[in-house]
2 protein chains.
Amino acid sequence: MSKPLLFGEIPGINEGDIFESRNEIKNLGGHRNTQKGIDGNRHEGAAAIVLSGGYKDDVDQGLEILYTGSGGRNDKKVLIKDQTWDNNDNASLVSSMNLGKPIRVFRGAKHNSEFSPKIGYQYAGLYSIVEAFEDIGENGFKICRFKLIYSGTTRSKINSLFLFESQLGDNNFYNSKVPTRTETTILRIVRDSKIGNRVKQLYSNFCQVCNERIKVKNGYYAEGAHIRPLGIPHHGLDSLDNILCLCPNHHIMFDRGTISISPEFNIIGEINSPLTINSDHIINIENLHYHNKIHGF
Amino acid sequence: MSKPLLFGEIPGINEGDIFESRNEIKNLGGHRNTQKGIDGNRHEGAAAIVLSGGYKDDVDQGLEILYTGSGGRNDKKVLIKDQTWDNNDNASLVSSMNLGKPIRVFRGAKHNSEFSPKIGYQYAGLYSIVEAFEDIGENGFKICRFKLIYSGTTRSKINSLFLFESQLGDNNFYNSKVPTRTETTILRIVRDSKIGNRVKQLYSNFCQVCNERIKVKNGYYAEGAHIRPLGIPHHGLDSLDNILCLCPNHHIMFDRGTISISPEFNIIGEINSPLTINSDHIINIENLHYHNKIHGF
């Protein structure tokens, strides 16, 4: 376990690739352990999991997976006590959720799912942990459960029985399998980045506007807010001098342009107070000018 | 324009369908007007747009579209004054963003894009408005711009030159076209629903925990928080008695289980105060019990 913990895609491992053994995955850096299901730690998060055998109540719908955490079992994998959120493996999964980090998912042949490979192990791509909750498992003991959704860019057909058919033209078939999706509107997607996590570290998750932080399980939650937005047509950079550490409420107001930051680092618009700035955080003034321009300040 | 404004997918109009004329789209209820680009109003939002000709700076990348708002142009479509956010069409697009409503996008043959149909009009599917910002257009006048991302479930190949190839196995090709996506982690996806919007209306967007509301352009922002979560394994309902109106900060704390609601409607956990409840809002106590159970209260 002396190798560093790497998050995201690993060169040489492509979605859909089959591996003969966990040793092969380990040697490529996909998952650094050949026994444990979860590869991570409570501070950085979990970078990879292997689904193999798994908990009987787990559900694998391909693009959406329910996963049961670690602990509480004896040598025969029977639950003999409560699982805890403080368990290092479970805490690493919670950290991944809090930090918005992606997790590599591998399915083993013994994993009970229609998406499992027939032999060996298959890389299913990157997922995001979107829920952590508890449940009553065998013998009345508490179990820690996690919901993962696919968040890779490839969307190869290995995670979806329906997507591929829909690509071939039969839209109604796909839609009929996921009725709730078509009735649901998407409200808000917050994407974050490695650099965003560095900014949040710099401020210990305290919002630079209100100086509050959001308590979540095992820690605090904040968002990295890009000053000059990423993507077309703005082409802002994902760099330390272009990101603020904000709570979700002030992130929305900042992105929607009801607050902005003056070149003198005062909050302007609906809120008027000085912006909190860490002395190690150099903010690019040109980016502030850009944000002010696109929001009419 | 006497027909009601309908949001989301319309029966009889499938992604990829080609229409000879705007009249045909109008008769099917896809877009209720044969001249205007935007079909909507400032209160409910915009339900459909037609891209046809468009603004010269617009960018259509298929799954991501930049769209310029209405107003400020003379009969010859030359910009002769500032566009405004208060313009009814622009305000309708901002409302769609604030309310998280999907918008139907049609591309016309005259729309300058590699995704345009050769003749007539093509239904491109549902998109979400994720940004509203201003820019300097022709002759130095202000223009209102919007960024739309595809949020339909079909992902037919009409919006992506790359996705279809990737389905056929050449993953690296797709990834190489969208390098920023692979470096980005997804932090938080907030989905909302029609019922969620009714709950927000009931509270005028004031959070039931902190009694504050978030000021955004043309209005206020709140989120509909499901008490018993949707989807596997919870199978909560998208119903009025299962949704709270919360600000994003308290939505996160509620979903992550650092606050919950007692059967006596007191906030418990990290915050201890009574929950604000509108007398027209009947909350299902069983759902509160469920939320408490999965978060260890």
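Here is how names work: the chains are called A, B, and so on, in the same order as the sequence lines, proteins then strands, and each is numbered from 1.
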> Taking side chain as C-beta onward, heavy atoms only, is B:E131 less than 4.5 Å from A:R256?
Replying inline: no
>> Rounded to the nearest 0.5 Å, what separates atom NE2 in B:H251 from atom CD1 in A:I214?
In response: 13.0 Å
> Counting N and O atoms only, with roles assigned by atom type, does the side chain of B:T258 sit under 3.5 Å from a partner on the main chain of A:K217, one being a donor and the other an acceptor?
Replying inline: no
> In Å and rounded to the nearest 0.5 Å, what is the CD1 to SG distance from A:I252 to B:C247?
Replying inline: 9.0 Å
>> When you compare the side chain of A:F133 with that of B:H234, does any pair of heavy atoms fall below 4.5 Å?
In response: yes
> Which residues satisfy the side chain to side chain donor-acceptor pair (under 3.5 Å) test with B:S113, sequence neighbours excluded?
Replying inline: B:D60
> Of all heavy-atom pairs between B:I232 and A:K147, which one has the smallest distance, and what is that distance?
Replying inline: O-NZ, 2.9 Å
>> Between B:E212 and chain A, with a heavy-atom cut-off of 4.5 Å, which part of the residue counts as in contact: side chain, backbone, both or neither?
In response: neither
>> Quick check on B:H250 against chain A: is it the side chain, the backbone, both or neither that has a heavy atom closer than 4.5 Å?
In response: neither
>> So which atom in A:E134 and which in B:G296 form the shortest heavy-atom distance, rounded to 0.1 Å?
In response: OE2-CA, 3.1 Å
>> A side-chain contact here means heavy atoms from C-beta on lying under 4.5 Å apart; do A:V59 and B:P233 qualify?
In response: no
>> When you compare the side chain of B:D135 with that of A:I294, does any pair of heavy atoms fall below 4.5 Å?
In response: no
> Considering residues at least two apart in sequence or located in another chain, which fulfil the side chain to side chain donor-acceptor pair (under 3.5 Å) criterion with A:D82?
Replying inline: none
> How far apart are the closest heavy atoms of A:H295 and B:A132, and which atoms are they?
Replying inline: CE1-O, 3.6 Å
> Highest number of heavy-atom pairs under 4.5 Å with chain B: which of A:E64, A:E270, A:K215?
Replying inline: A:K215
